[in-house]
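This report concerns only the one structure given below.
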Amino acid sequence: QVQLQESGPGLVKPSQTLSLTCTVSGGSISINYHWIWIRQFPGKGLEWIGNIHSSGFTTLSPSLKSRISISRDTTKNQFTLQLSSVTPEDTAVYYCVREGVTLGYDYWGQGTQVTVSS
């Protein structure tokens with residue numbers, strides 16, 4: 001059974017850098033699949049942020065790539081999102097997700113609320 005768990009701050013001040021970590025159990029992030037960060041704005045749909053492949057290669061949203069970095073620690077089976085220069089518009093629920101072969105986003109973390117406010 002694959003499980004994903006997000007962790008990080010719930011409140012970030014404008015202009016700071018948001019760092020979130022996803023801890024994965026039941027499957028190795030360095031063997032297969034894409035491991036994805038997604039966010040959901042209040043009352044709106046989902047936005048794809050980027051992913052990291054099991055090889056370590058990353059793909060980032062064109063609209064966000066200047067501000068984001070995705071990395072991993074294979075010894076801890078974790079992958080991390082860093083979002084710099086945050087604004088109140090970055091307020092959202094952030095999810096880490098696995099992309100399956102045929103089912104798309106097949107395993108999700110529970111999500112973590114991030115609020116950007118001074």
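The residues of the chain are indexed from 1 along the displayed sequence. Not measured: the values here are computed from a predicted model.
- D73 is linked by a salt bridge (Lys or Arg N to Asp or Glu O under 4.0 Å) to nothing, counting only residues two or more places apart in sequence or in another chain.
- In this structure, CD on Q113 lies 12.0 Å from CZ on R39, to the nearest 0.5 angstrom.
- Follow the hydrophobic side-chain contacts under 4.5 Å out from Y33 and you never reach Y105; the two are in separate clusters.
- At least one side-chain heavy atom of V2 sits under 4.5 Å from a side-chain heavy atom of R98.
- Looking at N77, its side chain does come within 3.5 Å of a backbone N or O of I29 through a donor-acceptor pair.
- Separating the NE2 atom in H53 from the OG1 atom in T58 is a distance of 12.0 Å, to the nearest 0.5 Å.
- Judged by distance alone, the side chain of T112 and the main-chain N or O of S7 form no donor-acceptor pair under 3.5 Å.
- Relative to the ring axis of F79, R72 does not place its NZ or CZ within 45° and under 6.0 Å from the centre.
- For the atom pair L4 CG and S25 OG, the distance stands at 7.5 Å (nearest 0.5 Å).
- A donor-acceptor contact shorter than 3.5 Å links the side chain of E6 to the backbone of G111.
- Contact between T91 and F41 at its shortest, heavy atoms only, is O-CD2, 3.5 Å.
- A donor-acceptor pair under 3.5 Å is formed between the side chain of D90 and the backbone N or O of T87.
- One hydrophobic cluster holds both L83 and L60 under the rule that ILVMFWY side chains link at heavy-atom gaps under 4.5 Å.
- Put simply, the side chain of W35 reaches to within 4.5 Å of the side chain of V24, judged on heavy atoms.
- Put simply, L64 and I52 are part of the same group of oily side chains (I, L, V, M, F, W, Y) that touch within less than 4.5 Å, one to the next.
- A single hydrophobic cluster is seen to contain both L18 and I70, as judged by linkage of ILVMFWY side chains at heavy-atom distances under 4.5 Å, directly or through other members.
- Under the 4.5 Å side-chain criterion, counting only non-hydrogen atoms from C-beta, S118 is in contact with P14.
- In the model, T23 has a side-chain atom that pairs as donor or acceptor with a side-chain atom of Q78 under 3.5 Å.
- Residues I36 and W48 have side chains in contact (heavy-atom distance under 4.5 Å, counting atoms from C-beta outward).
- By the 4.5 Å heavy-atom criterion applied to side chains, H34 and V97 are not counted as neighbours.
- Counting heavy atoms from C-beta outward, L20 and V114 have side chains that approach closer than 4.5 Å.
- You'll find the side chain of S63 reaches within 4.5 Å of the side chain of E47, heavy atoms only.
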Practice item. Could you go through the side-chain hydrogen bond (donor to acceptor under 3.5 Å, both in side chains) check for T115 and S117 one step at a time? Key: CA-CA 6 Å; T115 300; S117 176; over 6 Å; no
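- Note that CD of Q40 and CD1 of I38 are 10.0 Å apart. Values are rounded to the nearest 0.5 Å.
- Among residues two or more places apart in sequence or in another chain, the ring-ring contact (aromatic ring centres under 6.0 Å, His included) test is passed with Y95 by W108.
- In this structure, CD1 on I49 lies 14.0 Å from OG1 on T59, to the nearest 0.5 angstrom.
- S84 places a side-chain N or O within 3.5 Å of a backbone atom of R67 that can act as its donor or acceptor partner.
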